[in-house]
2 protein chains.
Amino acid sequence: MDAKTLCLGALMHNEASGYEIRKLFEGGPFSAIYDVSFGSIYPALTVLLDREWATCCVAEQNGRPDKKVYSITQAGRAAFLEALSTTPAPDKMRSEMLFILSFGDHLPRADVLALVDRYIADYEDRLSDIHDRDDDHELPPVRRFVHNFGITMYETALEYLRTHRTVLTEETAPAQSNARQSDEHVVTAGGVQ
Amino acid sequence: MDAKTLCLGALMHNEASGYEIRKLFEGGPFSAIYDVSFGSIYPALTVLLDREWATCCVAEQNGRPDKKVYSITQAGRAAFLEALSTTPAPDKMRSEMLFILSFGDHLPRADVLALVDRYIADYEDRLSDIHDRDDDHELPPVRRFVHNFGITMYETALEYLRTHRTVLTEETAPAQSNARQSDEHVVTAGGVQ
DNA sequence: CTGACATATATCAGACCGATACAAACCGAG
DNA sequence: CTCGGTTTGTATCGGTCTGATATATGTCAG
C-alpha cells in the first residue's frame with residue numbers, strides 16, 4: 001500500500017491539504033489503521049497532480065499560513081478503487097514498546113513498570129483522541145464496523161495492561177542490575193547441527 | 001528501532017542464522033511485536049560482525065544447505081541494552097485490510113464479507129502459530145506478560161470479527177456497484193477556510 | 001518581545017521493503 | 001527416476017519510505 005493510495009483514500013471523504021492528511025493518520029480516524037509521514041505525503045500529492053488523480057488550489061486562511069487544498073478527481077476515484085482490489089498484505093505491527101518489554105526480564109523491574117505505565121498512558125491518549133473526535137454519529141455500517149474494531153482493540157489493550165500490571169509488582173525477585181544477567185539463558189554452543 | 005537492534009534482540013536468546021532470525025519475526029515469537037525483512041537482516045548482520053557485536057561460523061547440516069550461525073558478543077549485549085534505554089516510539093500499525101475495509105461502504109457487500117473472512121482466517125493462523133510453538137512453559141514473568149498480551153489481542157480481534165460479521169449480512173441495502181457512489185459524502189466546496 | 005507552540009510546505013540522506021536471483025536438498029506424482 | 005513444487009538458506013538492488021531538518025506565518029502567554 002503506497003503513499004499515493006493512502007492519500008487518495010484520505011481525499012475520498014473530503015478535500016484536504018498535506019498537513020490535514022497527515023493529521024488523519026496521526027491522531028485522526030486512520031491512526032489505528034495505518035501510518036504515513038510527511039516525507040511520503042508531499043511527494044505523493046505531487047504525483048497525484050501529475051496523473052490528474054487530484055486537483056489543487058491555494059486557500060488563504062485568516063490567522064494561519066496559506067494551504068494547498070487537494071481534491072480527488074473521477075479518474076482518481078477509479079484509480080483508488082482499482083488499488084483497493086489487490087489482495088491486502090497481512091497486518092504489520094511495529095511496537096518498540098513490546099519489543100523492549102519482551103526483554104524486561106533483563107531490566108530492573110522498576111524500569112519495566114515505568115514502561116508499562118507509559119504504554120498505558122499512550123493508549124489512554126489514543127482512546128481519548130477517538131472520543132474527542134466523536135465521529136460516532138451516523139457512520140455508514142462498514143465504517144462503523146471498522147471504527148468499533150479499533151475502539152475494542154484499544155480498550156482490550158488498556159484493560160490487559162491495567163489488570164496484569166499488578167502481577168509484575170508482586171512477582172518473585174527481579175533482575176537488580178542490567179550489567180549482570182544470569183547465564184542460564186545464554187546458549188553459546190551445542191544444540192544446533 | 002533499526003534492524004541492527006532487532007537482530008541483536010533475536011540473538012539475545014539464542015544464536016541464529018539470518019533465515020532463522022527472519023522466522024522469529026514471521027510466525028515466531030516476535031511476529032505480534034515487530035516486522036523486519038531479509039533485505040534489512042542480512043546487511044545488519046554484516047554490520048554486527050564489523051562492530052564485533054556478533055561472531056559468525058558456518059554450520060554444516062545433514063539434508064539442508066549450510067548456514068551461517070551468528071552469536072552475540074558481550075560488547076553486543078552491552079550495545080543492545082544501551083539501545084533499549086531510549087524512549088520507545090508509539091506503536092505503529094499497518095493494516096491494509098482495515099484500510100480497505102474502511103472504504104467498504106463503497107464496495108459490494110459480498111466483497112466486504114470475503115475480506116472479513118480472509119481477515120478472520122489470517123488471525124486464526126496467527127493464533128495457531130502461537131499455540132503450535134507452545135512457548136508457554138515456564139516463561140520468565142515479563143516475557144509471559146508480553147506473550148499473553150499478544151494472545152489476548154489476537155483473541156479479541158477474532159471474537160470481534162466473528163460476532164460483528166453477522167451485522168454486515170443483516171444490514172440495510174449495500175452499494176451495489178463500485179462504479180457509482182452516492183455523492184452525499186463528496187464535499188467539493190465550502191466548509192473550509 | 002521573546003520563546004514556545006500550532007499550522008503549513010518541502011527536501012534529503014539514510015534506512016528499509018519487496019522482489020528477485022541463486023543454490024542445495026527434500027518429496028510426491030506421473 | 002525425473003519433473004516440478006516446497007523448504008531451507010544467502011545475498012543484492014531499485015524504488016520507496018522515514019525521520020530529521022529547514023523555512024515561514026501566525027497565536028498566545030509571561
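Lettering of chains follows the sequences in order, A, B, ..., and the numbering in each one begins at 1.
Residue pairs satisfying the ring-ring contact (aromatic ring centres under 6.0 Å, His included) criterion with at least one member in residues 27-52 of chain B, sequence neighbours excluded, are listed as follows: F99(A)-F30(B), F25(B)-F30(B), F38(B)-Y42(B).
Residue-environment remark: CD (E52(B)) stays at or below the threshold of 12 foreign heavy atoms within 6.0 Å.
The aromatic rings of H13(B) and F103(A) sit parallel, their planes meeting at an angle under 30°, below the 60° perpendicular limit.
Not counting sequence neighbours, D125(B) has no partner by the salt bridge (Lys or Arg N to Asp or Glu O under 4.0 Å) test.
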Sugar-phosphate means primed atoms, P, OP1 and OP2; the rest is base. With that split, encode nucleotides 7-17 of chain C 5' to 3' as B, S or - using protein heavy atoms under 4.0 Å.
-> BBBBBB---SB
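Because its NZ or CZ atom is not both nearer than 6.0 Å to the ring centre of Y19(B) and within 45° of the ring axis, R22(B) does not count as a cation-pi partner of that residue.
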